[in-house]
Protein chains: 2
Amino acid sequence: MNEASAPSATVTALRIRRTETLATLVRKELERMIVSGELKAGDRLNESALADRLGVSRGPIREACRGLEQSRLVEVVVNRGTFVRQISLQDALDIYDVRSALFGVAGETLAKRITPSQLSILSDLVARMNGAADDLDANYPLNVEYHAKLVEFSGNVRLMTTYRSLAQELHLFRRRGLVSEGSMAVSNREHRAILDALAKRDGARAGRLMREHILAGKNRLMKLAEAETGVAAEPSRRRRRLTAGA
Amino acid sequence: MNEASAPSATVTALRIRRTETLATLVRKELERMIVSGELKAGDRLNESALADRLGVSRGPIREACRGLEQSRLVEVVVNRGTFVRQISLQDALDIYDVRSALFGVAGETLAKRITPSQLSILSDLVARMNGAADDLDANYPLNVEYHAKLVEFSGNVRLMTTYRSLAQELHLFRRRGLVSEGSMAVSNREHRAILDALAKRDGARAGRLMREHILAGKNRLMKLAEAETGVAAEPSRRRRRLTAGA
DNA sequence: AATCTGAAAACTGTTGACAGTTTGTCGGAG
DNA sequence: CTCCGACAAACTGTCAACAGTTTTCAGATT
């Protein structure tokens with residue numbers, strides 16, 4: 001809860017600079033801490049403490065927070081501080097819908113322009129995921145990379161940055177936990193089908209499969225939420241609370 | 001080219017604060033200046049000059065720039081300054097693809113939950129656009145509002161913010177100029193068709209129509225670019241230059 | 001015991017100053 | 001005339017200090 005007591009002194013942010021500003025280094029470090037879960041949703045970012053911990057003054061810290069605010073990883077409350085954003089279930093579901101649309105257009109675009117070497121990279125990833133089909137921890141990073149590559153290979157820079165931003169934001173919701181071994185098998189089958197559609201340059205099919213692939217993830221989350229709360233998630237569109245009090 | 005000599009002293013940024021931080025006010029003012037074209041693509045943002053002009057110190061200016069960087073309206077080059085971003089034709093086309101996908105999912109979502117009062121608001125906008133079918137300047141803001149409302153009414157907050165961010169970014173490309181009277185008539189017909197699909201709660205059709213509506217805009221831009229340069233735009237995916245020298 | 005009050009502590013918002021880098025200029029050498 | 005280098009000006013990056021706000025907490029009051 002308090003970042004001053006964080007264990008890993010991963011403050012590689014020493015003066016190797018001239019290429020990057022301290023604010024940028026701090027932003028990346030904070031991004032890492034948030035995405036990795038070192039900083040949890042709702043946590044407050046104490047400027048002075050962070051400044052001490054990272055060995056810089058408060059200026060760069062504030063600049064970094066302003067960037068993080070715009071990429072929706074934190075919320076800034078005037079005179080009270082900046083807090084790691086809290087994502088409601090509804091927010092997460094909303095993000096899935098947007099991600100699904102983006103992933104779909106990535107598929108349509110990629111099918112038109114995919115190269116043999118890109119195909120082989122994707123094919124390799126699918127094979128490795130099949131090989132690790134019973135190991136969640138090995139599968140997870142491969143899965144993330146496969147998705148990232150699909151978007152990256154589309155060649156649409158803006159699509160890539162938007163997708164990445166949404167994926168990062170989704171990390172605020174939960175530490176994995178959504179992938180079970182059963183879903184992993186299904187997921188891998190879908191991965192292969194997507195690869196197949198891309199190899200055949202079938203843009204419409206690749207787009208549809210990729211949209212559905214993300215929506216399958218959304219459905220798993222909804223099922224899980226229903227099971228936990230006993231209430232259906234989607235119909236009740238309650239607004240998220242804006243204040244992020246710890 | 002120099003913001004110190006800008007005419008309108010729209011520095012409403014006086015101390016009415018306590019609700020918003022100076023950095024936020026500055027960011028919004030800069031956003032306005034960029035989107036309105038007061039600051040043009042490639043322009044440099046001189047921190048000291050801006051600080052003087054807006055009556056604040058450089059701290060809030062820098063924080064604002066960090067936010068704008070993350071929302072892709074400016075680019076920051078270390079030790080050289082922050083520049084209003086320059087959007088290449090390819091960037092613009094890429095953005096159209098993303099926007100199209102987002103607009104489509106907005107349609108699918110909205111069709112499921114649209115209310116009578118929302119329908120009447122949209123219907124009113126369509127009617128007013130038809131009434132102003134021969135007046136580009138009157139039509140433009142209505143058109144923007146219609147699109148914004150369609151996304152807003154979807155209820156997906158993240159979709160709305162992402163869409164708005166992309167729309168703003170597209171403003172960097174060109175000051176309107178894309179809408180001719182002929183396209184306006186076509187556009188209004190499409191608006192009506194979208195409204196019709198929404199009224200019938202036909203999500204698939206609304207989504208398709210809305211996707212195509214944006215892609216029509218992309219096609220107009222491509223045609224225009226081909227006519228200007230004599231070269232087809234889409235196939236040649238040249239990378240945009242990163243340095244934004246004036 | 002619970003609550004209210006007000007001062008102290010902690011923290012954010014903002015500023016001005018200093019250091020280092022980049023840009024622009026002027027004079028001289030080739 | 002062109003090119004080169006030193007010097008000056010302009011500007012960005014960073015920091016420490018100050019001002020104002022929020023939070024904490026001890027002590028008084030009911």
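So you know, we letter chains A, B, ... as the sequences are listed, proteins then strands, and number each from 1.
- Considering only the side chain of Val56(B), dT15(C) comes nearest among dT12(D), dG13(C), dT15(C).
- Straight-line distance from the CD atom of Glu47(B) to the P atom of dA17(C): 17 Å, rounded to whole Å.
- The residue Gly59(A) sits apart from the nucleic acid: no heavy atom pair falls under 4.0 Å.
- In summary, Glu63(A) and Arg27(A) do not engage in a salt bridge, as defined by a charged side-chain N under 4.0 Å from a carboxylate O.
- Listed candidates were dT12(D), dT15(C), dC15(D). Nearest to the side chain of Asn46(B) is dT12(D).
- Each of dC18(C), dA16(D), dT22(D) was ranked by its minimum atom distance to the side chain of Arg58(B); first place goes to dC18(C).
- Taking 4.0 angstrom as the limit, Thr21(B) places a side-chain polar atom (N or O) nearer than this to OP1 or OP2 of dT14(C).
- Glu226(B) has no carboxylate O lying under 4.0 Å from a charged side-chain N of Lys223(B), or vice versa, which leaves the two without a salt bridge.
- Leu22(A) places its CG atom 10 Å from the P atom of dG13(D), with the value rounded to the nearest Å.
- Of the charged side-chain nitrogens involved, none lies within less than 4.0 Å of a carboxylate oxygen, so that Glu31(B) and Arg164(B) do not count as a salt-bridged pair.
- Classification of Arg99(B) and Glu169(B) as a salt-bridged pair fails, no side-chain N sitting under 4.0 Å from a carboxylate O.
- Of the listed nucleotides (dC15(D), dG13(C), dT12(D)), dT12(D) has the atom at the smallest distance from the side chain of Arg44(B).
- For Arg80(B) and dG13(D), a side-chain-to-base donor-acceptor distance below 3.5 Å is absent, hydrogens and geometry of angles not being considered.
- Per the geometry, CD belonging to Glu20(B) stands 21 Å off P belonging to dG20(D), to the nearest Å.
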